[in-house]
Protein chains: 2
Amino acid sequence: MKSRTAPAPLAEDGAGPLYRQVKRELLRLVEAGRYAPGDTLPSESVIAGGLGVSIGTLRKAVDELVHEHVLVRRQGKGTFVALHTDDRFLFHFFHVEAREEAEGEPPRGREYPQVECVGFARGRADDIEAQALHIRAGDAVLRIDNRLSLAGRPVVHDRLVLAAQTFRNLTEKRFLDRPSTVYNLYQRDYGITVLRARERARACPAGSATARILGVAPGLPVLEVHRIALTFGEKPVEYRVSTINTAGHDYVSVLAKQH
Amino acid sequence: MKSRTAPAPLAEDGAGPLYRQVKRELLRLVEAGRYAPGDTLPSESVIAGGLGVSIGTLRKAVDELVHEHVLVRRQGKGTFVALHTDDRFLFHFFHVEAREEAEGEPPRGREYPQVECVGFARGRADDIEAQALHIRAGDAVLRIDNRLSLAGRPVVHDRLVLAAQTFRNLTEKRFLDRPSTVYNLYQRDYGITVLRARERARACPAGSATARILGVAPGLPVLEVHRIALTFGEKPVEYRVSTINTAGHDYVSVLAKQH
DNA sequence: AAGTGGTCTAGACCACCAT
DNA sequence: TGGTGGTCTAGACCACTTA
């Protein structure tokens with residue numbers, strides 16, 4: 001969809017540099033759904049004119065939003081509100097990779113996990129879930145269990161916990177029928193864009209449920225990753241516990257700058 | 001130290017946008033030691049003039065280098081080659097945090113680890129170490145074992161493996177007498193700046209050596225983090241295996257943008 | 001050819017720091 | 001007070017996409 005109308009001029013309340021005010025204003029428009037995921041924004045000169053700032057200032061604001069994956073620029077085409085359909089986004093949040101065994105192993109690069117839903121239940125939040133999702137203990141939640149396989153072998157057990165109030169009418173069928181990733185579902189059906197996530201990892205012995213799902217012996221050391229996915233305003237959207245069989249795979253991360 | 005002289009004009013070979021060429025040139029000067037860690041660079045207008053580009057273009061190049069932690073800007077003072085003494089850098093590479101136990105727990109924020117050297121030995125690289133450090137199996141290496149404690153309790157066993165050829169004359173005494181972090185030692189004494197690192201984590205049972213160092217039962221699930229620290233040109237500098245007792249602590253990471 | 005983002009420039013002014 | 005980086009502007013031109 002195309003958003004043709006330019007935004008109204010900035011209010012005068014502005015704290016800090018002008019380009020930050022512009023950035024906050026754009027963020028506000030995206031958050032409010034004025035510009036929806038996938039939309040083409042008005043051209044830079046139109047936005048700049050509408051807000052009453054120079055194009056250089058507008059560009060600096062957009063630069064930061066692009067860097068934060070809120071917007072995407074494509075030369076010659078326009079500026080878009082980021083969509084969670086690209087492969088790029090999948091690997092932004094999926095960090096499990098096969099370990100290169102011997103030397104002669106071909107570096108197969110990143111692999112798509114095959115996802116299989118093995119549980120979909122409604123329940124009441126326990127203390128930990130409530131704290132993670134900023135809801136009250138006892139509030140209604142959805143608990144979804146998935147098995148992720150790489151090269152045909154089960155490697156990860158994901159348990160997703162969602163506030164039922166946020167994801168109204170989310171049924172197992174709707175969940176299974178999603179065309180793309182889970183985060184794409186959140187965005188497309190609930191207007192929720194996952195911007196970033198906090199993760200904490202620890203080693204622990206496999207519990208019986210996980211052991212069954214992954215096909216390993218109970219008590220085997222596995223990696224448990226607790227993730228809280230956040231949207232605008234640091235609001236928690238999803239609490240996820242990933243249990244990873246690290247016998248042949250690693251949890252991978254890169255520290256500091258990529259370029 | 002102050003670097004007063006402006007760089008020479010850019011060669012004409014330039015591929016890509018001008019600001020990238022400028023960035024490469026500045027990077028080259030830092031790499032070559034022309035601007036050393038801690039140095040004040042010439043002012044932006046002087047550099048821009050020397051290179052024959054506008055100040056805006058120079059600033060865009062510096063922007064990227066600041067973002068990659070190669071340079072640091074301080075308003076009113078100047079632009080500096082980044083030093084690895086700031087606390088900021090410590091936590092850039094130290095990602096272990098106490099788990100908040102119950103609700104009433106005070107959020108103590110990040111804690112400095114207390115480091116204790118428990119081993120310093122010379123040896124020959126095995127296949128894995130050689131591959132990690134881009135040297136040949138059998139080449140001379142240093143192996144340093146440290147115990148890291150948080151709030152007085154041993155939590156991490158670090159084994160550092162370094163190519164002896166890169167770190168000539170590094171003795172146990174010199175290592176112990178370092179004034180600051182290990183990465184600061186690399187930079188100050190060997191001119192090696194660690195820019196980024198790749199890490200791979202997995203769960204496994206504690207080996208006997210680690211169990212002894214951490215004071216846990218052998219076989220307890222622990223988190224093993226394999227890190228390769230890189231300097232300019234993606235050159236590996238250090239191979240480090242951190243073994244973490246995750247009974248009361250987590251390995252923490254943030255995905256996607258921080259701002 | 002027209003419209004978009006990407007680069008580059010030149011200059012004015014502000015905010016901060018040292019002296 | 002003078003020098004530094006930080007912000008903002010206005011305009012020219014380039015590179016890419018679409019029609």
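Residue numbering restarts at 1 for every chain, and letters A, B, ... go by the order of the sequence lines.
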Separation of [X] atom [atom1] from [N] atom [atom2], in whole Å?
X       : N      : atom1 : atom2 : answer
A/Arg20 : D/dC8  : CZ    : C1'   : 15 Å
A/Leu65 : C/dG5  : CG    : P     : 14 Å
B/Lys77 : C/dC16 : NZ    : P     : 15 Å
A/Ile55 : D/dA12 : CD1   : P     : 13 Å
B/Glu44 : C/dC17 : CD    : P     : 16 Å
A/Leu18 : D/dT7  : CG    : P     : 11 Å
A/Phe80 : D/dT17 : CZ    : P     : 11 Å
A/Leu71 : C/dT4  : CG    : C1'   : 15 Å

OP1 or OP2 of [N] less than 4.0 angstrom from a side-chain nitrogen or oxygen of [X], does that happen here?
X       : N     : result
A/Thr79 : C/dG5 : yes
A/Lys60 : D/dT7 : yes
B/Tyr19 : C/dT7 : yes
B/Thr57 : C/dT9 : yes
A/Arg59 : C/dG6 : yes

### Query
Which nucleotide sits closest to the side chain of A/Ser54: D/dT9, D/dT7, C/dA10?
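Closest nucleotide among those given: D/dT9.
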### Task
Just compare C/dG5, D/dG5, D/dT9 and give me whichever is closest to any side-chain atom of A/Ser43.
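The closest nucleotide is C/dG5.
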### Query
Would the number of heavy atoms belonging to other residues, nucleotides or ligands and lying under 6.0 Å from CD of A/Glu172 be above 12?
yes
### Task
Using the six-membered ring wherever Trp is involved, compare the ring planes of B/Tyr251 and A/Tyr251 and label them parallel, tilted or perpendicular (cut-offs 30° and 60°).
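It falls in the perpendicular class, over 60°.
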### Salt bridge flag under 4.0 Å for residues B/Lys235 and B/Glu31
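Here B/Lys235 does not pair with B/Glu31 in a salt bridge, since their nearest N and O are not under 4.0 Å apart.
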### Summary
Heavy-atom nearest nucleotide on DNA chain C taken for A/Gly76 and for B/Leu58; more 5' hit belongs to A/Gly76
### Task
Compute the ring centroids of B/Phe167 and B/Tyr186, then answer whether they are less than 6.0 Å apart.
yes
### Message
Return whichever of B/Gln75 or A/Gly56 has its heavy-atom-nearest nucleotide of DNA chain D closer to the 5' end.
### Response
B/Gln75
### Query
Closest heavy-atom contact between B/His69 and B/Ala82?
O-CB, 3.2 Å
